[in-house]
Amino acid sequence: MDLALLRTFVTVHRAGSFTRAAALLGLSQPAVTSQIRTLERQVGRPLFLRQARGVTPTTIGDELAHKAAPHLDALVEIAESGLEEDSSLRTLHLAGPPEFTAERALPALTELTGEDGQGFALRASFGTADEVLEGLAAGHHDLAISTVRPRGALLTATALCDEEHVLVAAPHRAEQIGAGTLRRTGPAALERVPVVEVHESLPFVARYWASVFDSRPVCPGTVIVPDLRAVLACAAAGAGLAVLPRYLVAGALERGEVVALHEPAVPPLRTYFLAVRTGTLAMPHIARAHEWLERAAAGWC
C-alpha cells in the first residue's frame, strides 16, 4: 500500500474535508480525491461518506486510520529528528490572543530561541479564537492558544491554564461608586458607571455579570478598544470600570493604579487551550515548545 496514499487518507480523516486536507498537503482537491479513490479501490471498500459539508469516515475508514496514523506520525518523527541539529531549519509559528500571547507565551518561549544548537526561529501572529484555530487547521500555524476548545479529529487541544477575571476601576471611581457596598447592593450601584471594553457587546463585563450577579449589565459602554492592555490603561485613567484578567491587572493593583471593586467567593474563570494539528507533536521543535509552554503555565495559575 502506497505511503503517500495513506498520508493523504489520514490527513482527510483528521481534517474531515478533502478541501482542507488539500490545503494542508499542498495538493489540489482533485488530486486528493483521486488518491482517496485509488486507495478505496485497493482496499475494496469505501473509506468516506461524502456529505454536503466535508466527509465522514466509514467503519473501515476509522479502522484504517487508527492502524495507520500512529505509524505515519512515527515516520514523520524519524524524518524530522534527522534535521534536529540544524536549528536554521526550524521555525515555530505561534498564534493566539494578543495580550495573553504577548504577556505570557512569548516570554516563556524566548529561552528556546537561543544559539545553543537546540533553538528555533519564532514567528507570532494574533487573532480571535476562531481565527487562530482556522489558521492552525489550514497549516498556517504550528501552535495555537485559544479560549475555545477545538472540535473534530484534525486538532488536538490541551488545557493550558485558567485566568481569573477581576472587576476594577481607578481609585477615585471606586470612591464614587462606594465599592464597599457592592456586596450588599449588587450590580445596582454600577448601573450608571461607564464601562471600558474590547467590543460593543461588552463580552468581559457580560460574562462577569452573568457569573457573579446572575444578571445582565446595563452600564453604558464609553470606551471600546480591541486590546485588553488599552482597556487597562483607560480604566486606570478613570474612563470607567473594566473586567480584566488578573495576570494582566496584578501589577496595576499592586501599584494602586486601579482597585478591585468586588471580590466574589467564586471568581469568573476562563480556560486557555494549547492546540496543535493532530500528529504534529512528532516534530521535535513543536513538541519542545508545547512542553515548554505547559511547564511555564503551571506557574501562571
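Here, residue 1 is the first one in the sequence, and each next residue gets the next number. Reckoned from all heavy atoms, side chains included, excluding hydrogens, waters and symmetry mates. The structure displayed is predicted, hence computed values, not measured ones.
- Other residues, nucleotides and ligands contribute only 12 or fewer heavy atoms inside 6.0 Å of the CD atom of Glu200.
- Taking the side chain as every heavy atom from C-beta outward, Val231 and Phe204 never approach each other to under 4.5 Å.
- Other residues, nucleotides and ligands contribute more than 12 heavy atoms inside 6.0 Å of the CZ atom of Arg295.
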**Message:** side chain to side chain contact (heavy atoms under 4.5 Å, CB included), that's the test. Do Val258 and Leu253 meet it? Break it down for me.
**Reply:** CA-CA 5 Å; Val258 294; Leu253 286 169; 3.9 Å; yes

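- No continuous path of hydrophobic side-chain contacts links Leu274 to Leu269 [ILVMFWY only; heavy atoms under 4.5 Å].
- Remark: Tyr272 OH to Arg149 CZ distance equals 15.5 Å, nearest 0.5 Å.
- In this structure, Gly96 and Val132 approach most closely via the heavy-atom pair N-CG1, 3.6 Å.
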**Request:** Could you walk me through whether Glu263 and Arg246 pass salt bridge (Lys or Arg N to Asp or Glu O under 4.0 Å), step by step?
**Result:** CA-CA 12 Å; Glu263 293 287 354; Arg246 185 171 289 278; 3.5 Å; yes

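- With contacts defined as side-chain heavy-atom distances shorter than 4.5 Å, the pair Tyr208/Pro264 qualifies.
- Between Phe9 and Ile36 the shortest side-chain heavy-atom distance falls below 4.5 Å.
- Going from atom CG of Leu167 over to atom CG of Leu190 covers 6.0 Å, rounded to the nearest 0.5 Å.
- To the nearest 0.5 Å, atom CZ of residue Arg14 and atom OG1 of residue Thr280 are 8.5 Å apart.
- In this structure, Arg288 and Leu112 have side chains that are in contact, with non-hydrogen atoms separated by less than 4.5 Å.
- The line from NZ of Lys67 to CG of Leu72 is 14.0 Å long, rounded to the nearest 0.5 Å.
- Connection of Val225 to Val168 is established within a shared hydrophobic cluster, with ILVMFWY side chains joined at heavy-atom distances below 4.5 Å, either directly or through further cluster members.
- Side chains of Thr38 and Arg41: a donor-acceptor N/O pair is present below 3.5 angstrom, by distance only.
- Side-chain contact between Pro46 and Ile60 is absent, with no heavy atoms from C-beta onward closer than 4.5 Å.
- When side chains are defined from C-beta on, His285 counts as touching Asp142, because their heavy atoms get closer than 4.5 Å.
- In plain terms, the two heavy atoms of Thr147 and Ala129 that are nearest each other are OG1-CB, 4.0 Å.
- The salt bridge (charged side-chain N to carboxylate O under 4.0 Å, His left out) search around Glu163 returns Arg270, not counting sequence neighbours.
- Residue Pro187 comes nearest to Trp209 through the heavy atom pair CB-NE1, 3.5 Å, listed as atom of the first residue, atom of the second, then distance.
- Ala105 is linked by a side chain to side chain contact (heavy atoms under 4.5 Å, CB included) to Leu94, Thr101, Ile145, Leu293, counting only residues two or more places apart in sequence or in another chain.
- Across Ala242 and Ala235, no two heavy atoms sit closer than the pair CB-CB, 4.0 Å.
- Both Ile224 and Val243 are assigned to one and the same hydrophobic cluster, defined by single-linkage of ILVMFWY side chains at heavy-atom distances under 4.5 Å.
- For the pair Arg123 and Leu92, the minimum side-chain heavy-atom distance is 4.5 Å or more.
- Looking only at side-chain heavy atoms (C-beta outward), Leu228 and Phe100 stay at 4.5 Å or farther from each other.
- A continuous path of Ile, Leu, Val, Met, Phe, Trp and Tyr side chains, each step under 4.5 Å between heavy atoms, connects Leu3 with Leu27, placing both in one hydrophobic cluster.
- Across all non-hydrogen atoms, the minimal contact from Ala287 to Leu281 is CB-O, 3.3 Å.
- The cluster map of Ile, Leu, Val, Met, Phe, Trp and Tyr, joined by side-chain heavy atoms under 4.5 Å apart, puts Val196 and Leu232 in the same cluster.
- Within 6.0 Å of CZ on Arg192 lie no more than 12 heavy atoms contributed by other residues, nucleotides or ligands.
- Thr158 contributes atom OG1, which lies 4.0 Å from atom NE2 of His290 (distance to the nearest 0.5 angstrom).
- A distance of 11.0 Å separates CG in Leu136 from CD in Glu134, rounded to the nearest 0.5 Å.
- For Glu197 (side chain) and Val205 (main-chain N/O), a donor-acceptor pair under 3.5 Å exists by modelled atom type.
- A distance-only check finds a donor-acceptor pair linking the side chain of Arg50 to the backbone of Phe48 [under 3.5 Å].
- Glu191 places no side-chain N or O within donor-acceptor distance of the main-chain N or O of Val218, the cut-off being under 3.5 Å.
- Gly238 and Arg173 make their closest contact through O-NE, 3.0 Å (heavy atoms, listed as atom of the first residue, atom of the second, distance).
- Partner of His13 under the side-chain contact (heavy atoms from CB on, under 4.5 Å) criterion, chosen from Leu64, Asp62, Thr278: Asp62.
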**Item:** Chi angles and distances behind the side chain to side chain contact (heavy atoms under 4.5 Å, CB included) call for Leu6, His71
**Value:** CA-CA 10 Å; Leu6 283 175; His71 300 291; over 6 Å; no

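- Shown here are the salt bridge (charged side-chain N to carboxylate O under 4.0 Å, His left out) partners of Asp227, two or more places apart in sequence or in another chain: Arg229.
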